[in-house]
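Counting convention: from 1, in listed order, for ligands and their atoms alike. Note that the structure is a prediction, hence the values are computed from the model and not measured. Only heavy atoms go into these numbers, but all of them, side chains included; no hydrogens, no water, no symmetry mates. Residue numbers count from 1 along this sequence.
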Amino acid sequence: MPFSKLDLSPQVLEGVRAAGYTDPTPIQLRAIPLILAGRDVIGSAQTGTGKTAPFALPLISRLGTHGTLRTLVLEPTRELAAQVETALRDYARFTNLRTAVVFGGTGYGKQDQSLRQGVDVLVATPGRLLDQMHRRMVRLDQIETLVLDEADRMLDMGFLPDVRKIIERCPRNRQTLLFSATIPPEIEQLSRWALRNPETIEI
Ligand code: AMP
C-alpha cells in the first residue's frame with residue numbers, strides 16, 4: 001500500500017517522496033492512522049531509529065500551516081533531540097512550519113533566537129526546557145500533542161520529576177505519545193497519569 005492511501009497532507013506526501021520512500025513500513029501503517037485520529041499511543045520501541053517517521057509524519061500533517069507552539073517532543077539527550085529535530089525539519093520542508101531544538105550544556109543565544117521567531121514544533125531535553133519556561137521564552141498552554149520519547153532513558157537519567165513538571169504545564173486536553181524500549185513500573189505509572197485510553201503498539 002502506498003503512502004498516498006494514508007490520510008497525510010499533500011505537503012507531507014511530497015516530503016516523503018523527496019526522502020525517497022515509496023511504501024510505509026508496517027509500523028508506519030499501524031501508527032500513522034492512530035496518531036492522525038488524535039489517539040494517545042504507547043509505542044514499545046527499541047532505542048534509536050525506526051520510530052521518528054511514524055510520529056513525525058502524522059504530527060506534521062495535523063499541524064498544517066504555521067501558527068503557534070503546538071507540538072512538544074521531549075528527549076533524554078541533546079544528540080537525540082538534535083537528530084529528531086533534523087528529521088522533523090526534513091519531513092516538514094514543503095510546509096511553512098517552524099521547528100526548534102533546545103538542550104542544555106550550551107549557550108542560550110542561538111536557541112533564544114530560534115524561539116523568538118515563533119515555532120510550531122519544539123524538541124527539547126527536560127532541564128533546559130524548564131529553564132526556558134522560567135525565562136519566559138517558552139509557554140506550553142497551546143500544546144496539542146506531547147511526545148515523550150525514550151521515556152525509560154529519561155527515567156534512568158533522573159528526569160522524571162522534570163518531565164512531570166512539564167506535563168503539568170501542558171493543557172489537559174491534548175494528545176500524548178509515549179515511546180519506551182522497556183516499560184518499568186515508573187513508566188507504567190507515568191503513562192497511566194499522562195495518557196488517556198492509549199493504544200499500545202510494538203515498534
Ligand atoms: P525513522 O527513525 O523512522 O526516521 O527511520 C529510520 C530510517 O529509515 C531513516 O533513515 C529513514 O530515512 C528511513 N525510513 C523511514 N521510513 C521509511 C520508509 N517508509 N521507506 C524507506 N525508508 C524509510
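Between E199 and R39 a salt bridge is recorded (basic side-chain N to carboxylate O distance below 4.0 Å).
Contact atoms of ligand 1 toward Y91: 4 (O) (distance under 4.0 Å to a heavy atom of the residue). The D23 neighbourhood of ligand 1 comprises atoms 18 (C), 19 (N), 20 (N), with distances under 4.0 Å to a heavy atom of that residue. The atoms of ligand 1 that sit less than 4.0 Å from any heavy atom of F3 are 19 (N).
In this structure, the salt bridge (Lys or Arg N to Asp or Glu O under 4.0 Å) partners of R192, at least two apart in sequence or on a different chain, are E188. Take R89 and apply the salt bridge (Lys or Arg N to Asp or Glu O under 4.0 Å) test, not counting sequence neighbours, and it matches E85.
At least one heavy atom of P54 lies less than 4.0 angstrom from ligand 1. No heavy atom of F55 sits closer than 4.0 Å to any atom of ligand 1.
Closest of all the heavy-atom pairs between D120 and L69 is O-CD1, 3.6 Å. Contact record, L195 with V41: CD2-O, 3.7 Å, taken as the closest heavy-atom pair.
Residue contacts with ligand 1, taken as heavy atom pairs separated by less than 4.0 Å, do not involve V16 at all. Here Q28 has side-chain heavy atoms under 4.0 Å from ligand 1, and that is the only part of it that gets that close.
Distances between N or O atoms of T22 and those of ligand 1 include no value under 3.5 Å.
Note that R135 lies in the cation-pi zone of Y108, set by a 6.0 Å cut-off to the ring centre and a 45° limit from the axis.
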